[in-house]
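To find a chain, count down the sequence lines: A is the first, B the second, and so on, and within it residues start at 1.
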2 protein chains.
Amino acid sequence: MSIQTRRERERAERERLIVTAARELAEAEGWDAVTTRRLAAEIEYSQPVLYSHFKGKGAIMAAVAVQGCADLAQEMRTARTAVKGTRKALAAVGEAYTTFGRRRPALYDAMFTHAVDLPFATPDAPAALQEAFGELVRAVEPIAAPGDDVGLLTETYWAGLHGLVTLVRSGRLPEEAHEQRLALLIGHFTAGMGAGAEAD
Amino acid sequence: MSIQTRRERERAERERLIVTAARELAEAEGWDAVTTRRLAAEIEYSQPVLYSHFKGKGAIMAAVAVQGCADLAQEMRTARTAVKGTRKALAAVGEAYTTFGRRRPALYDAMFTHAVDLPFATPDAPAALQEAFGELVRAVEPIAAPGDDVGLLTETYWAGLHGLVTLVRSGRLPEEAHEQRLALLIGHFTAGMGAGAEAD
DNA sequence: ACAGATTGGCTAGCGCTGCTAGAATTCCCG
DNA sequence: CGGGAATTCTAGCAGCGCTAGCCAATCTGT
């Protein structure tokens, strides 16, 4: 039994190594540079080893994406709990989200841009995904009007943030006015709130 | 001179043929199916002919994207002028935009998702791009508050629409509640308007 | 402790991609 | 009708994701 567990442990560690190498390579040189040959060289094994861990390159990217979601969730939580007030919390989370997307573009692409067959909006989505979405929900929920569906409202806010990130990153929108656009988005989502709800 | 012009005319026609074939193939089977070999077979020429017209596959996709922008601009204009009232106009354009994105996903990807080196937010952007954005501006401008920068507000609205389209299309958001999310987005963008501005 | 079974990794290769050099053909003009 | 220019095609390069089949190291049963 000890031998079995040791092997499983080593195998799990190698799997972690693959995912880490893929993420680092992608963040350093973009996903185009992440080829199975290059990745195999990076982990100092031959190509077929990758396929004994993952079904293919897409599955490796999916694993990186899940890891990235955990990172994003943590950054959003930190941002949200660092400020006081519902309006500020929504802004902080929005800021954290877009900053993440612009600071770690390759990771962001794996998570939200590239086609990747992960279950997303279902109960059997990976925990990290649900955590990240949950952070958004916690920020949006306080600004929802009485009759609003919080889930749908969160998804809509998410879409706004995602649009800003992707359009800026792909050069469709100039980078410089990003903060102003983000402020506009947040402003419109908090416009319906009661005026005296908080002391700014 | 007559011969020269005839050749140029034939050449221009073949270029149109390439772009059309690329668009149709992409819309029928996705961009992965649009290989240079396949495209060459489709137009009944050999591969290198493509490279005498375009710098590479990316340039062909860019040409398709520009053509798509013209289509989108027209559909948005039709939608906008078909209704009366600023709020309804904004909704109609948003609806037209997202419908376009979901009805012609391959075209939409070439325009707004895939990396393509087209000048976007500059004066030397292709006319079709500026037209499409101009249609958005015309719909957003009436709902802008006095101090607002209309351009930035339009970009923000665009980002919201783009986020909705891409997240739904990639399976990150369930398709069914799309209309409700769109209504939420539009609602928040028109929330600041004076109540009696129009008769619904 | 040793023979046989099993696991696991590697070499080599398939079919495909975007793209291009150089041969071959076609066309125009004198 | 022949020479020169423009144009198109054949053939191939390097690299991609992925996999079949061999080979060595390891574990198991006696």
Q: Provide, to the nearest angstrom, the distance between the NE2 atom belonging to His53(A) and the C1' atom belonging to dG8(C).
A: 10 Å
Q: Could you tell me which residues satisfy side-chain contact (heavy atoms from CB on, under 4.5 Å) with Glu29(A), sequence neighbours excluded, listed by chain and number?
A: Leu25(A), Ala33(A), Arg38(A)
Q: Provide, to the nearest angstrom, the distance between the CG atom belonging to Leu50(B) and the C1' atom belonging to dC19(C).
A: 11 Å
Q: Return the residues of residues 11-29 of chain A meeting this criterion: a heavy atom under 4.0 Å from some atom of DNA chain D. Order them by number, or give none.
A: none
Q.
I need the CD1-P distance between Ile43(B) and dT7(D), as an integer number of Å.
A. 16 Å
Q. So how far is it from His53(B) NE2 to Tyr45(B) OH, rounded to the nearest 0.5 Å?
A. 8.0 Å
Q: Rounded to the nearest angstrom, tell me the gap between atom OH in Tyr45(A) and atom P in dA25(D).
A: 15 Å
Q.
Show every side chain to side chain donor-acceptor pair (under 3.5 Å) that has at least one partner inside residues 110-125 of chain B, sequence neighbours left out.
A. Asp109(B)-Thr113(B), Thr122(B)-Asp124(B)
**Q.** Counterpart residues, salt bridge (Lys or Arg N to Asp or Glu O under 4.0 Å), relative to Arg16(A) (two or more places apart)
**A.** none
Q | Partners meeting side-chain contact (heavy atoms from CB on, under 4.5 Å) with Pro126(A) (sequence neighbours left out) | A | Val66(A), Leu118(A), Pro119(A), Leu129(A)
Q: Any chance you could list the contact pattern along nucleotides 12-24 of chain D? Use B for base contacts, S for sugar-phosphate-only contacts and - for none, protein heavy atoms under 4.0 Å, 5' to 3'.
A: B---BBBBB----
Can you list, pair by pair, the side-chain donor-acceptor contacts under 3.5 Å of residues 137-144 of chain A, counting residues two or more places apart and other chains?
{"residue": "Arg138(A)", "atom": "NH2", "partner": "Glu135(A)", "partner atom": "OE2", "Å": "3.3"}

Can you give the donor-acceptor pairs under 3.5 Å from side chains of residues 153-160 of chain A to other protein atoms, not counting sequence neighbours?
{"residue": "Thr154(A)", "atom": "OG1", "partner": "Val150(A)", "partner atom": "O", "Å": "2.8"}
{"residue": "Glu155(A)", "atom": "OE1", "partner": "Arg181(B)", "partner atom": "NE", "Å": "2.6"}
{"residue": "Glu155(A)", "atom": "OE1", "partner": "Arg181(B)", "partner atom": "NH2", "Å": "3.2"}
{"residue": "Thr156(A)", "atom": "OG1", "partner": "Leu152(A)", "partner atom": "O", "Å": "2.8"}
{"residue": "Tyr157(A)", "atom": "OH", "partner": "Leu90(A)", "partner atom": "O", "Å": "3.0"}
{"residue": "Trp158(A)", "atom": "NE1", "partner": "Tyr97(A)", "partner atom": "OH", "Å": "2.8"}

Q. Any side chain to side chain donor-acceptor pair (under 3.5 Å) pairs touching residues 56-70 of chain B, not counting sequence neighbours?
A. Arg23(B)-Gln67(B)
